[in-house]
Amino acid sequence: MYICLDGKHLTIEDLVQLGRGLYKIKLTAEAEERIKQSRLLLESIVKENKVVYGITTGFGKFARTVIPHNKLKELQENLVRSHSAGVGKPLSPKRSRMLLALRINVLAKGYSGISLETLHQMIQAFNASCLSYVPEKGTVGASGDLAPLAHLALGLMGEGKMWSPKSGWADAKYVLQAHGLKPVSLKPKEGLALINGTQMITSLGAEAVERATAIARQADIIAALTLEVLKGTTRAFDSDIHELRPHPGQMEVAFRFRSLLGSDHHPSEIAESHRFCDRVQDAYTLRCCPQVHGVVNDTITFVKTIIETEINSATDNPMVFAERGETISGGNFHGEYPAKALDYLAIGVHELAAISERRIERLCNPSLSELPAFLVNEGGLNSGFMIAHCTAAALVSENKVLCHPSSVDSLSTSAATEDHVSMGGWAARKALRVIEHVEQVLAIELLAACQGIEFLRPLKTTTPLEKVYDLVRTVVRPWIKDRFMAPDIDVVHRLLVEQKVWEVAHPYIEKYRSANLPEARPISPTAFTLEPPVSPHKKARIE
């Protein structure tokens, strides 16, 4: 199975699938023609001994240093070697694969001046899963992700380390040989074309958007289950309320709650058991889920637009415009767009964990839940979910620090030539850390809600929420007495990462949507309704 790249139509979903190794890559015919034309112009520049940045000159502070023709190949190789100065743990194979795929897509636009031969070699390496050793730290996000992309190019040159399923980590030249591939031999401008761009920020950002999307929609399901356990009301999700504040995310979250909670479509014995209680309204962590979860959804939508634009953008320098017959130096390599967007994503998605932790507190606190303390029998002998809640609180606190935006910082580099940078690499990496913490906090809430259900039996919740409960119970048994809890959190976290909770509940949500049923508005003593005033005409008839 192949995905055809042309530099224009790659989606986040496609890129994530490429990262998982589910597809191979090939270029469209139109992309190949653009690449050829761009390279012809570049070769004419070299032949005519024109002075053009990055092609016949040095880089950064050395932009005014003209390089002799016989050293142009060495210039490009030196660029890649010297810029391979990253530190830290290497990217995982999945993330390295995404990075390489995204760089190929950008080069396929045909504005970088790379040769078709070199780009085909990159595609062959991708299709064989020959992946360079790319340290995660070292980019300031302008002029692009120089260090990570240099490491990516270094392996393709047969230097440094590479990984493949066949070889594991080994010297790059041997990994390439084992797959019948030759190292890339750089031509003029090709080193620069390989390392100048925002693909590290953007590929990690694409993963962040994909995971944020997954956990945001599953957060609605988990919160709905918690509301059932805490015997909350569905009145706050009435569509008339949300149409008065018609943010798309808010209205969608309210709809999901209505589709999952007690109604004529999905009766709930738990909801019926407390319909005539004396509560007036629920705490904000239950009642305001559409408003809080909703803005997270709208944030993700905004960030997705930025990242998908960036995925299909030419971000290196200089740009080669074959149709105009010239190269132009610009600043598309600057990572401010994805950096700002990913800082915003971290701040937005974090709120799912902040509100979830408060719901966990309500589940564990007998004064608020009417359930046994910390959701366990024989409290004192057993501690139940006491420290699981502490873990959630610790993760939320860490996120508060990680949500400080990295893109508000800038340090001048390259002897003040690159005097403003985005710090987008750190924005992307910490966004992923924030999202992982959100997943873990919601895993704890899901465990706690399912444990709370045990104390309400034999009553049942709605069919879709019972299916979610059943899913959890396939991997975690009820908490009868204290046991090693970390494995339970890990396995439920995996359910969320793999979107299993969404897969179980989604068909019910969509069936409810397509059925277009009248909205359930259950009567309770605390939901006051007045008869509408009698019209004058009707009043006259009565008299």
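We use all heavy atoms of the structure for the numbers below, so side chains are in, but hydrogens, waters and symmetry mates are not.
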Worksheet item: Taking all non-hydrogen atoms of both residues, which atom of A206 and which atom of I12 are closest, and how far apart?
Response: O-CG2, 3.6 Å

Discussion item. Distance check, rounded to the nearest 0.5 Å: H493 atom NE2 versus L446 atom CG?
Written reply: 12.0 Å

Fill in: Pairwise distance CZ(R433) to SG(C403) - rounded to 0.5 angstrom
11.5 Å

Practice prompt. To the nearest 0.5 Å, tell me how far T139 OG1 sits from H83 NE2.
Written response: 11.0 Å

Item to complete: Could you tell me if the ring centre of F237 sits under 6.0 Å from that of F255?
Response: no

Worksheet item: CZ of R477: more than 12 outside heavy atoms within 6.0 angstrom?
Response: no

Worksheet entry | Check: A393 main-chain N/O paired with S397 side-chain donor or acceptor under 3.5 Å | no

Discussion item. As a quick check of understanding, evaluate side chain to side chain contact (heavy atoms under 4.5 Å, CB included) for E252 and N297, giving each step before the final call.
Written reply: CA-CA 9 Å; E252 177 62 20; N297 282 268; 5.8 Å; no

Discussion item. For E378, I'd like to know if atom CD has over 12 heavy atoms of other residues, nucleotides or ligands within 6.0 Å.
Written reply: no

Practice prompt. Could you pull out the closest heavy-atom pair between A443 and V492, with the gap in Å?
Written response: O-CG1, 3.8 Å

Fill in: H242 to P290 - nearest heavy-atom pair and separation
CE1-CB, 3.6 Å

Discussion item. V504: which residues meet the side chain to side chain contact (heavy atoms under 4.5 Å, CB included) condition with it, sequence neighbours left out?
Written reply: K467, V468, L471

Practice prompt. Using the test side chain to side chain contact (heavy atoms under 4.5 Å, CB included), find all partners of I25 that sit at least two apart in sequence or belong to another chain.
Written response: L5, L18, A101, I104, I123, F126, N127

Worksheet item: Does anything in residues 337-362 pair up under salt bridge (charged side-chain N to carboxylate O under 4.0 Å, His left out), and if so which pairs, sequence neighbours excluded?
Response: E336-K340, D343-K430, R359-E445

Discussion item. Donor-acceptor check, side chain of D171 to backbone of K161, threshold 3.5 angstrom: yes or no?
Written reply: no

Fill in: V229 and F455, any side-chain heavy atoms less than 4.5 Å apart
no

Item to complete: State whether the side chain of T391 and the backbone N or O of I387 hold a donor-acceptor pair below 3.5 Å, judged by distance alone.
Response: yes

Discussion item. For the residue pair T198 / E310, report whether a side-chain donor-acceptor contact shorter than 3.5 Å exists.
Written reply: yes

Discussion item. Per the salt bridge (charged side-chain N to carboxylate O under 4.0 Å, His left out) rule, what does the pair list look like for residues 450-461, sequence neighbours excluded?
Written reply: E454-R473, R457-E466

Discussion item. Checking N312 against N105: is there a side-chain donor and acceptor pair closer than 3.5 Å?
Written reply: yes

Worksheet item: Under the 3.5 angstrom rule, does the side chain of Q218 hit a backbone N or O of W502 as a donor-acceptor pair?
Response: yes

Worksheet item: Ring centres of W163 and Y133 under 6.0 Å apart?
Response: no

Discussion item. Please report the interatomic distance CG(L99) to CG(L204), rounded to the nearest 0.5 Å.
Written reply: 8.0 Å

Worksheet item: Between OG1 of T315 and CG of L102, what distance do you get to the nearest 0.5 Å?
Response: 8.0 Å

Worksheet item: With no hydrogens and no angle check, is any side-chain donor or acceptor of R287 less than 3.5 Å from a backbone partner on D282?
Response: yes

Worksheet item: In terms of side-chain heavy atoms, does Q291 have a donor or acceptor partner in R245 at a distance below 3.5 Å?
Response: no

Worksheet item: Any chance OH of Y337 has more than 12 other-residue heavy atoms, nucleotides or ligands included, within less than 6.0 Å?
Response: no

Practice prompt. Establish, yes or no, whether a centroid distance under 6.0 Å links the rings of Y23 and Y2.
Written response: no

Item to complete: Find the distance between CD (Q17) and CD (E13) and round it off to the nearest 0.5 Å.
Response: 8.5 Å

Worksheet item: Excluding sequence neighbours, so at least two apart, what forms side chain to side chain contact (heavy atoms under 4.5 Å, CB included) with A128?
Response: C130, H179, L181

Worksheet item: Can you check whether I222's main-chain N or O pairs, donor with acceptor, with T226's side chain at less than 3.5 Å?
Response: yes

Discussion item. Donor-acceptor pair, distance only, cut-off 3.5 Å: does the side chain of T233 make one with the backbone of R235?
Written reply: yes

Discussion item. If we count only N and O atoms by modelled type, under 3.5 Å, do the side chains of T11 and D14 hold a donor and an acceptor together?
Written reply: yes

Worksheet item: Ion pair present between R20 and E498, side-chain N to carboxylate O less than 4.0 angstrom?
Response: no

Discussion item. I need the minimum non-hydrogen distance between A150 and I195, along with the two atoms involved.
Written reply: CA-CG2, 3.6 Å

Discussion item. Determine whether a donor-acceptor pair (N or O, by modelled atom type, separation under 3.5 Å) exists between the side chain of E207 and the backbone of V16.
Written reply: no

Worksheet item: Residues in side chain to side chain contact (heavy atoms under 4.5 Å, CB included) with S268, at least two apart?
Response: E228, I270, A271, T461, T462

Discussion item. Quick check against the 3.5 Å criterion: does N382 have a side-chain atom that pairs as donor or acceptor with the backbone of G384?
Written reply: no

Discussion item. Determine whether a donor-acceptor pair (N or O, by modelled atom type, separation under 3.5 Å) exists between the side chain of S356 and the backbone of A353.
Written reply: no

